[in-house]
Amino acid sequence: MKTLTTILAAATLAANAFAGNITVKGSDTLVILAQKWAEVYMGQHADTKIQVSGGGSGIGFAALQNQTTDLCDASRKIKSAELQKCITVFGGARPTEYKVALDGLSVYVNPENTLKELTVDQVGDIFTGKIKNWKEVGGPDAPITVYSRENSSGTYEFFKEHVLKGKDFAASAQTMPGTAAIVQAVVKDKSAIGYGGAAYGGGSKLLAIKKTENSPAIEPTEENVINGTYPIWRYLYVYVNPAQDKGEIGAYLTWIRSDDAQKYVKDIGYYPLPKNLRSN
Amino acid sequence: MPNQNHNSRRSHGWMGIHRGHKARPVEWLAEKFIFLVSLSAILMVLLIFLFVAREALPVFFGQTNTALVQKPIPADEVDKHSPAELQVYLEITPDEFGKMSKTTLRTLMEVKVEAQDEIPENFRNDPDAHINTTEWKYLVKPHQWDNYTKPEYIWQPVGQIKKFNIIPLFVGTLKVTLIGLLFAVPLAVGAAIYVSQMARPRVREVVKPAIELLSGVPSVVVGVFALLVMATVLQTIFHYQTRLNAFVAGLALGFAVIPVIFSIAEDALTSVPRAYTQAALALGASRWQTAWQIVLPAALPGVFAAAVLGFGRAIGETMIVLMVCSASVMSWSVFDSARSITTTIAAEMAEAVNGGPHYRILFMLGALLFVATFVSNMVGDFVIHRFKNKLEGKR
């Protein structure tokens with residue numbers, strides 16, 4: 001296994017020796033955006049080849065450790081175990097983390113549901129199974145069916161840490177393979193509640209979210225996500241070995257955080273970085 | 001006959017030379033080549049098993065630790081600890097430790113301390129944060145976690161406290177597989193009897209390929225169909241609470257399994273000697289009696305083999321269950337959701353930290369599944385032989 005990894009690493013390094021070959025691997029959440037960026041960048045720089053593949057943030061970090069990828073897309077922060085492996089391999093250097101886009105998470109309900117808004121705590125209690133009926137939060141008298149994502153998804157983890165405050169999802173929560181599947185289920189199920197990227201909610205109703213009992217209810221619009229008033233949002237990241245963050249790769253990393261690249265973010269369903277986090 | 005044994009041997013000596021025959025090097029080569037190919041298939045299975053087992057071993061030996069709160073060693077105190085202690089603390093091999101520079105080691109120590117600092121306040125005093133959740137008692141027995149009112153089987157492998165109870169996954173797998181088989185076996189065997197015994201040739205020529213065409217439908221397509229159409233239709237009929245549940249998944253699984261069972265059962269039924277049927281009909285039995293009382297019993301080993309293969313297909317099917325239902329509920333009710341082992345592995349492997357406890361446990365599940373299918377095939381084989389011997393009057 002070890003020799004195989006070495007050979008693979010050597011092969012990739014050899015491939016990289018030819019000018020302008022960048023490999024990007026990691027999060028499935030980011031893969032479409034990464035492909036879009038790669039396409040545009042390759043159009044502008046004919047001698048650069050960028051290969052983008054998905055697989056998941058965990059796969060991306062594993063590839064970063066094995067040095068089989070140059071950039072690692074991630075929809076979550078690097079975990080301490082992964083960080084340690086990277087440091088061991090990079091000879092004491094920590095991987096550099098770049099924030100590349102924002103993602104606002106909406107809470108979806110069936111369009112026939114009369115409810116309009118919830119507090120973050122109420123959303124958490126619904127997903128942990130503490131609140132079981134819509135009437136407890138001012139809706140119709142009907143049991144709640146909870147739809148969640150697979151626990152491999154960065155969205156799941158983010159929601160669990162920040163909305164459920166680290167508590168477990170209700171065991172009865174249906175886990176769906178993707179945001180689109182959640183929306184499908186919510187549209188077909190009158191008692192349903194689900195969560196996912198704000199741009200995916202087509203057909204379902206997006207609830208306005210209150211940070212606390214007394215704060216105003218905020219709609220998950222682009223403006224509210226970018227100025228930070230909408231309470232449920234996260235960053236999307238790219239990680240790189242600092243030793244490689246120069247030349248072609250460095251230029252690409254600077255470009256994806258520039259105004260030019262950030263204008264494509266919205267087409268894919270995420271939100272561009274606020275001005276102060278951009279590279280120009 | 002003295003040379004009968006000799007003749008029945010398949011291999012014909014060096015280069016095919018045998019009792020005055022000409023040398024046949026090409027045939028000999030071909031024979032050896034085919035032998036190598038078949039050997040490589042066995043070798044492949046063995047290698048896969050060894051790989052899976054190797055990745056899973058640390059769980060079996062209790063070498064993984066998921067305790068959230070661990071006593072951090074400040075980075076300045078590196079020199080006060082022996083290399084062996086540091087290796088365990090940093091979870092690195094002696095080999096890696098030897099190659100490491102002082103600064104790398106220091107950075108690693110700092111990361112470890114930072115990780116402890118980042119633990120949210122409300123988890124620090126949680127009793128669950130101090131236990132290693134990958135011990136066997138937490139893997140197979142219910143445990144009363146913080147925030148729960150009674151001991152429960154919980155599979156929630158991602159989060160601050162990682163809960164790896166594998167029992168809900170086994171229950172889910174069995175539930176979905178059994179529903180699938182209960183639905184598929186009668187239908188497929190019924191169809192096989194009809195096609196092989198009763199249908200007119202013209203009908204058979206349409207029905208048989210049509211059913212076998214089902215096996216060409218990708219399971220993702222079956223999954224989507226079940227997710228969007230079947231789930232809604234079945235909920236309107238049965239009025240249950242959870243729209244996506246083991247029942248829907250089981251029925252969808254049935255569709256994937258039917259062609260497998262049908263194909264083999266139909267072959268078995270067709271290969272019952274014509275003389276049996278003719279004799280029964282000549283004695284005045286109806287076609288129905290012949291099919292039910294003569295042909296089916298004679299083909300029973302084959303039909304059983306079909307069911308065993310169907311079981312293998314059902315238990316290994318990933319995509320349909322993944323799309324239709326995958327909540328790891330601990331419940332035997334068919335109208336509750338379920339999560340199968342294959343679904344769990346497929347869905348979670350990508351994000352698991354490579355070499356971490358979650359990764360190891362997924363491999364352990366794979367190894368257990370491997371053993372389970374192996375045992376079921378062995379039992380199936382044994383039963384088939386018993387049937388066969390009985391039918392042939394050997395005992």
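Just so it is clear: chains get the letters A, B, ... in the order the sequence lines come, proteins before strands, and each one is counted from 1.
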Of the non-hydrogen atoms in [X] and [Y], which two are nearest, and what is the gap between them?
X        : Y        : result
B:Thr104 : A:Ile87  : CG2-O, 3.7 Å
B:Ala327 : A:Gln174 : CB-CA, 4.0 Å
A:Asn151 : B:Val158 : O-CG2, 3.3 Å

Check each atom of [X] against the heavy atoms of chain A and say whether the ones under 4.5 Å are side chain, backbone, both or neither.
X        : result
B:Thr232 : side chain
B:Arg106 : neither
B:Leu322 : both
B:Lys163 : side chain

Side chain from CB out, backbone as N, CA, C, O: work out which of these in [X] comes under 4.5 Å of a heavy atom of chain B, or both, or neither.
X        : answer
A:Glu161 : side chain
A:Phe90  : neither
A:Glu150 : side chain
A:Ala173 : backbone
A:Lys85  : side chain

Q. Less than 4.5 Å apart, any side-chain heavy atom of B:Arg243 and any of A:Thr145?
A.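 Heavy-atom side-chain distance check fails, nothing below 4.5 Å.
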Q) Quick one: are B:Leu228 and A:Lys188 in side-chain contact, heavy atoms under 4.5 Å? A)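 Sidechains of A:Lys188 and B:Leu228: in contact.
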What's the spacing between [X] [atom1] and [Y] [atom2] if we round to 0.5 Å?
X        : Y        : atom1 : atom2 : answer
B:Phe123 : A:Lys167 : CZ    : NZ    : 8.5 Å
A:Glu157 : B:Gln160 : CD    : CD    : 9.0 Å
B:Met109 : A:Gln84  : CE    : CD    : 10.0 Å

Q: With chain A as the partner chain, list the residues of residues 148-156 of chain B whose heavy atoms fall under 4.5 Å from it, by residue number, and write 'none' if nothing qualifies.
A: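 Interface residues of residues 148-156 of chain B: B:Tyr148, B:Ile154, B:Trp155, B:Gln156.
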Q: May I ask you to name which of B:Thr103, B:Leu105, B:Leu244 has the most heavy-atom pairs under 4.5 Å with chain A?
A: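 Highest number of pairs under 4.5 Å: B:Leu244.
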Might you confirm whether atom [atom1] of [X] has over 12 heavy atoms from other residues, nucleotides or ligands at distances under 6.0 Å?
X        : atom1 : result
A:Lys79  : NZ    : yes
A:Lys205 : NZ    : yes
A:Leu115 : CG    : yes

Q.
Just so I understand: if I count every heavy-atom pair under 4.5 Å between each of A:Pro143, A:Ala181, A:Ser191 and chain B, which residue has the most?
A.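 Of the options given, most contacts go to A:Pro143.
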Q) Is it true that B:Glu114 and A:Arg94 have a side-chain N and a carboxylate O under 4.0 angstrom from each other? A)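 A salt bridge is present here (some side-chain N lies under 4.0 Å from a carboxylate O).
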